[in-house]
Structures are given as C-alpha cells and as structure tokens.
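For reference, the structure is listed below as structure tokens.
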Amino acid sequence: TVLHLGERECSMQRRHQKLLEESPSPFIGDDEEFRQRLGGVAVRAAQSVHYANAGTIEFLVDKDKNFYFLEMNTRLQVEHPVTEAVTGLDLVEWQLRIAAGQPLPLQQDQLQQSGHAIEARVYSEDPRKGFLPAVGRVERFAFPPEDGSWRVDRGIDDGDTITPYYDPMVAKVIASGSDRATAIGRLGDCLARTAVFGPASNLELARSIVAHPAVLEGGMGSGYLDRHRLELPS
C-alpha cells in the first residue's frame with residue numbers, strides 16, 4: 001500500500017534551504033483536483049521503485065500549476081511534524097510498522113486533514129554575515145512550554161556546544177490552528193518567546209519573515225527571500 005498525506009509548501013527559502021514549511025499549501029488552496037494530481041504522481045513514483053518507507057517527493061510548481069519533479073527524499077523529513085499536525089498521524093510509528101513488516105493501518109480514503117500547521121527552522125547562523133554558521137556554547141535555549149497548539153523540537157540544550165561539524169539547524173518551532181491565520185499568529189507568538197543565548201541565530205529573521213505581508217498573503221516563491229533580503233531585519 002502506498003499513500004500520500006497531502007502536500008507541504010516549502011517556498012520560503014534562503015540559498016535553496018527551507019526556512020518555513022506549512023500544510024496545506026496556500027498556493028493550492030481549495031483546488032482539490034490539483035492536490036490529488038500531485039499526490040497521485042507521488043504515489044506512482046514510489047510504486048515504480050517498490051519504495052517501502054516514509055518519503056517525500058518534491059516538485060517545482062509554476063504560476064500556471066504546471067509541476068515538475070525535483071527529487072525524492074528517502075527518509076522522514078525535517079518538516080514531518082507539519083504533516084503530523086494536520087493529519088493526526090504519528091509518522092515515526094508508521095515507519096516502525098513498515099520496518100516490522102506490518103501493513104499501514106489506513107487506506108487513502110480514510111485519511112483526513114484538518115486545520116493548518118506551519119514550522120520555522122531555527123539555525124545557528126548569522127544572517128548579517130551571509131548566513132555563515134555560528135558556533136560556541138549555548139548559555140541558554142529559552143522557549144515557551146508546549147501546549148498542544150505548538151511544539152518545539154530541538155537538538156540543543158543549556159550548556160551544549162554547537163560545533164562546525166554538523167548542519168546548523170538546531171531546533172524547529174511548529175504551530176497549528178484551525179486556519180492559516182491562526183497557525184501563523186501562534187508561530188509568531190512562539191518565536192517571540194524563543195531565544196538562543198550564545199551563538200548567533202536566525203530567530204530575529206524568522207520573526208520578521210512570519211510577519212511579512214508576502215508570507216501572510218501566501219504569495220512567496222522560492223526566490224523571494226534572496227530577492228528581498230534587505231527589506232527584512234536580521
């Protein structure tokens with residue numbers, strides 16, 4: 001059984017690296033026919049190689065909704081909590097089921113999505129210096145307590161040292177709500193109460209992106225931030 005779990009919009013990027021991910025896509029909106037076309041192609045691609053795992057098919061989409069295969073990520077991706085939030089599924093559990101040789105517990109027509117979810121990546125890097133990675137001791141990583149409307153997945157804690165040997169992403173802030181405006185508002189609130197004391201981070205930039213009109217309107221493309229970088233504080 002191969003299923004698709006809807007789409008994630010990942011257009012807000014810096015240097016082709018994702019900063020925000022959300023589901024459902026504001027570009028697709030209520031176009032269920034287009035959503036099912038994308039999902040159907042993804043399913044057929046996985047079936048054609050007898051793929052057995054969680055995975056993500058990435059597409060580039062133009063303004064006329066022509067879409068083009070980019071790549072397949074054969075793993076659970078960074079932004080999987082966004083999909084979990086709108087589907088109510090535990091994708092890690094599903095991976096374990098597959099590894100144990102068990103069938104998936106649901107069929108395509110049993111899957112439902114509800115509400116909206118959006119995630120911001122927290123990078124240990126300095127946007128003022130061309131997004132160069134930042135290293136050093138984390139004196140404190142502060143964030144609000146999780147309450148069901150948001151979660152913070154992190155790879156650092158107070159006293160940890162960030163080294164130059166790994167990817168600079170150190171945390172993810174994920175918020176959800178009944179609609180997109182609610183989810184974005186909660187993400188902005190959570191980011192406003194999140195701080196890394198120690199090495200530089202992209203948190204101030206993330207806060208300004210979440211409040212930017214292009215994001216609020218859902219009109220950003222994958223090159224938007226690189227073109228409008230100077231409009232945003234860092």
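FYI, side chains are in, hydrogens and waters are out, and symmetry mates aren't considered; it's all heavy atoms of this structure.
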Within the distance-only criterion (no hydrogens, no angle test), does the side chain of Arg180 pair as donor or acceptor with the backbone N or O of Leu216 below 3.5 angstrom?
yes
Does anything in residues 76-101 form a salt bridge (charged side-chain N to carboxylate O under 4.0 Å, His left out)? List the pairs, not counting sequence neighbours.
Arg8-Glu79, Lys18-Glu79, Glu79-Arg121, Glu84-Arg151, Glu93-Arg97
Would you list the pairs meeting salt bridge (charged side-chain N to carboxylate O under 4.0 Å, His left out) in which at least one residue belongs to residues 181-198, sequence neighbours left out?
Asp189-Arg193
How many angstroms lie between atom CG of Leu225 and atom CD of Gln17, to the nearest 0.5 angstrom?
12.5 Å
Applied to residues 103-116, the side-chain hydrogen bond (donor to acceptor under 3.5 Å, both in side chains) test, sequence neighbours excluded, yields Glu22-His116
Measuring only between side-chain heavy atoms, which start at C-beta, is Leu91 closer than 4.5 Å to Thr83?
yes
Side chain to side chain contact (heavy atoms under 4.5 Å, CB included) partner of Ile162, chosen from Pro199, Ser201, Pro168, Pro133
Pro199
Approximate separation, where rounding is to 0.5 Å, of Cys10 SG and Leu19 CG
11.0 Å
Looking at Asp147 and Ser149, would you say the former's side chain and the latter's main chain have a donor-acceptor pair under 3.5 Å?
yes
Which heavy-atom pair separates Ile174 from Glu119 by the least distance, and what is that distance?
CG1-OE1, 3.5 Å
Minimum heavy-atom separation for Ala195 to Leu203, with atom names?
CA-CD1, 3.7 Å
Using a 6.0 Å distance limit plus a 45 degree cone around the ring axis, check whether Arg137 lies over the aromatic ring of Phe197.
no
Residues Glu204 and Arg128 bridged, charged N to O under 4.0 Å
yes
Could you give the distance from NE2 (His80) to CG (Leu89), rounded to the nearest 0.5 Å?
11.5 Å
So do Val41 and Ile57 actually touch side chain to side chain, heavy atoms under 4.5 Å?
no
About how many Å separate NE2 of His16 and OG of Ser222, when rounded to the nearest 0.5 Å?
7.5 Å
According to a hydrophobic-cluster definition based on side-chain heavy atoms being under 4.5 Å apart (Ile, Leu, Val, Met, Phe, Trp, Tyr only), do Val173 and Val86 belong together?
no
I'd like to check Gln36 versus His4 (side-chain heavy atoms, cut-off strictly below 4.5 Å). Are they in contact?
yes
To check you understand the geometry: which heavy-atom pair defines the closest contact between Pro144 and Thr194, and what is its length?
CD-OG1, 3.7 Å
Is there side-chain contact between Phe27 and Lys65, with at least one heavy-atom pair below 4.5 Å?
yes
Name all residues meeting the side chain to side chain donor-acceptor pair (under 3.5 Å) criterion together with Ser11; count only those two or more places apart in sequence or in a different chain, and write none if there are none.
Glu9
Does the side chain of Met169 come within less than 4.5 Å of Val78's, by heavy atoms?
yes
Is Glu125 reaching over with its side chain to a backbone N or O of Ala200, donor-acceptor style, under 3.5 angstrom?
no
Student check: side-chain heavy atoms of Tyr123 and Val170 closer than 4.5 Å
no
Chi angles and distances behind the side chain to side chain contact (heavy atoms under 4.5 Å, CB included) call for Leu3, Trp94
CA-CA 12 Å; Leu3 309 174; Trp94 277 34; 3.9 Å; yes
Sequence-distant partners of Phe143, ring-ring contact (aromatic ring centres under 6.0 Å, His included), two or more places apart
Phe141
Across all chains, not counting sequence neighbours, the side chain to side chain donor-acceptor pair (under 3.5 Å) partners of Asp157 are none
Residues forming a ring-ring contact (aromatic ring centres under 6.0 Å, His included) with Phe67, sequence neighbours excluded
Phe34, Phe59
By salt bridge (Lys or Arg N to Asp or Glu O under 4.0 Å), which residues pair with Arg140, not counting sequence neighbours?
none
List the atom of Thr1, the atom of Leu104, and the distance in Å for their closest heavy-atom pair.
O-CD1, 3.8 Å
For the CD atom of Glu21 and the CD1 atom of Ile118, what is their distance to the nearest 0.5 Å?
9.0 Å
Can you list everything that forms a salt bridge (Lys or Arg N to Asp or Glu O under 4.0 Å) with Arg35? Sequence neighbours excluded, please.
Glu7, Glu32
Quick one: closest heavy-atom pair of Tyr68 and Asn66, and the distance?
OH-CB, 3.4 Å
Under the rule for side chain to side chain donor-acceptor pair (under 3.5 Å), what residues qualify as partners of Asp30, not counting sequence neighbours?
none
Non-hydrogen side-chain atoms of Pro81 and Asp153 separated by less than 4.5 Å
yes
Mind checking salt bridge (Lys or Arg N to Asp or Glu O under 4.0 Å) for Asp167 and listing every partner two or more places apart, or none if nothing turns up?
none
Leu5 to Thr87 - nearest heavy-atom pair and separation:
O-CG2, 4.2 Å
Lys129 meets the salt bridge (Lys or Arg N to Asp or Glu O under 4.0 Å) criterion, sequence neighbours left out, with none
To the nearest 0.5 Å, what is the distance between OH (Tyr51) and CG (Asn53)?
4.0 Å
